[in-house]
Asker: 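Starting off with a structure, shown below.
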Amino acid sequence: MRVDVVSIFPEYLAPLDLSLIGRARARGVLRLAVHDLRTWTHDVHRTVDDTPYGGGPGMVMRPEPWGEALDALAPADAAPPRLLVPSPAGAPFSQAMAHELAAEEHLLFACGRYEGIDQRVLEHAATRMPVTEVSLGDYVLFGGEVAVLVILEAVTRLLPGVLGNAGSLDEESHAHGLLEAPVYTKPPSWRGHEVPEILRSGDHGRIARWRRDEALRRTAARRPDMLAALGEDLDKKDRAAL
Ligand SMILES: Nc1c(O)cccc1[N+](=O)[O-]
């Protein structure tokens, strides 16, 4: 997978050199490049923003640098990337979207700052590539860079060969519409708290049932919306756990 990220703060994306993402890049599973939007400015001050039409607080990111950046990173003679614009006005990011993005050949992230990017940039881009505004949640950040780190971590870990133990993808939260069950390790007793006996029984069938029941109970308590979405997918044993 090829990923390009455009930002006025490229150093914000430095964590993408670390850990599993760093290793995925070193192994060529992920070809990632971070670009400074100011590369595509031509004035002495390398201006990327201006005052908003219609008045109001703050500044808006100018269309010209973005237009040239997208022209350079998504040339007309190449297969178009999927443009992702982190924004509080975007579609909610989810594990399902992470799987969808993990299947893409080329992702192009545009990190907005200030009050956002001139809307015409997204309109023009949509004439030649898929454009998705995506939101991490209903709160306000300084810009899109932090969202890119979150999205890229969720996507990269789904790429073949990135996780040492691909099986861990099966039981984690949101993998099957439920929150994951609690986890324990040694020692069996710690500060008066014991590991549930079932987990030390060696009975893998009962352990799997216990984990499913705990996941159901957690999801019912913390995310009833997720449980409701499962609806008919719950069987009699599942319903007995609730
Ligand atoms: N919430 C927010 C923002 O305020 C700015 C950029 C991106 C996001 N977001 O992805 O949620």
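Order of listing sets the numbers, starting from 1, for every ligand and every atom in it.
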Asker: Which part of Pro88 is near ligand 1, with near meaning a heavy atom under 4.0 Å away: side chain, backbone, both or neither?
Answerer: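 It is both backbone and side chain that touch ligand 1.
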Asker: Show which atoms of ligand 1 fall inside a sub-4.0 Å distance from at least one heavy-atom site of Val134.
Answerer: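 The list of qualifying atoms is 10 (O).
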Asker: Heavy-atom contacts with Ala147 under 4.0 Å: which atoms of ligand 1 show up? List them by number with element.
Answerer: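 So the atoms of ligand 1 that pass are 10 (O).
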Asker: Counting both backbone and side chain atoms, is some N or O of Val140 under 3.5 Å from an N or O of ligand 1?
Answerer: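 No, Val140 has no N/O under 3.5 Å of an N/O on ligand 1.
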Asker: Please report which non-hydrogen protein atom sits nearest to atom 4 (O) of ligand 1, along with the residue it belongs to and the distance in Å to one decimal place.
Answerer: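 The closest heavy atom on the protein side is Leu141 N, 2.7 Å.
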Asker: Only heavy atoms of Tyr139, strictly under 4.0 Å: list the atoms of ligand 1 that pass.
Answerer: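 Those atoms are 1 (N), 2 (C), 4 (O).
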Asker: When you measure from the side chain of Arg25 to the backbone of Leu32, do you find a donor-acceptor pair of N or O atoms at a distance under 3.5 Å?
Answerer: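 Between the backbone of Leu32 and the side chain of Arg25 there is a qualifying donor-acceptor contact (under 3.5 Å).
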Asker: Arg27 side chain to Gly161 main-chain N or O, any donor-acceptor pair under 3.5 Å?
Answerer: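 Yes, Arg27 side chain to Gly161 backbone: donor-acceptor pair under 3.5 Å.
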Asker: Which atoms of ligand 1 are found less than 4.0 Å from any heavy atom of Gly143?
Answerer: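 Taking each heavy atom of Gly143 in turn, ligand 1 has 5 (C), 6 (C) under 4.0 Å.
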Asker: If we ignore hydrogens and angles and just use 3.5 Å, is the side chain of Thr219 paired with the main-chain N or O of Leu179 as donor and acceptor?
Answerer: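 Yes, because the side chain of Thr219 sits within donor-acceptor range (under 3.5 Å) of the backbone of Leu179.
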Asker: Side chain of Arg62, backbone of Thr47: donor and acceptor closer than 3.5 Å?
Answerer: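 Looks like yes, one N/O pair under 3.5 Å.
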Asker: What atoms of ligand 1 come within less than 4.0 Å of a heavy atom belonging to Ser135?
Answerer: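 Checking each atom against Ser135, I get 9 (N), 10 (O), 11 (O).
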Asker: Could you tell me the residue and atom name of the protein heavy atom closest to atom 9 (N) of ligand 1, and the distance to it rounded to 0.1 Å?
Answerer: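 For this ligand atom, the closest protein heavy atom is Leu136 N, 3.4 Å.
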Asker: Counting from 1, what ligand 1 atoms have a heavy atom of Gly137 closer than 4.0 Å?
Answerer: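 Answer, ordered by atom number: 1 (N), 11 (O).
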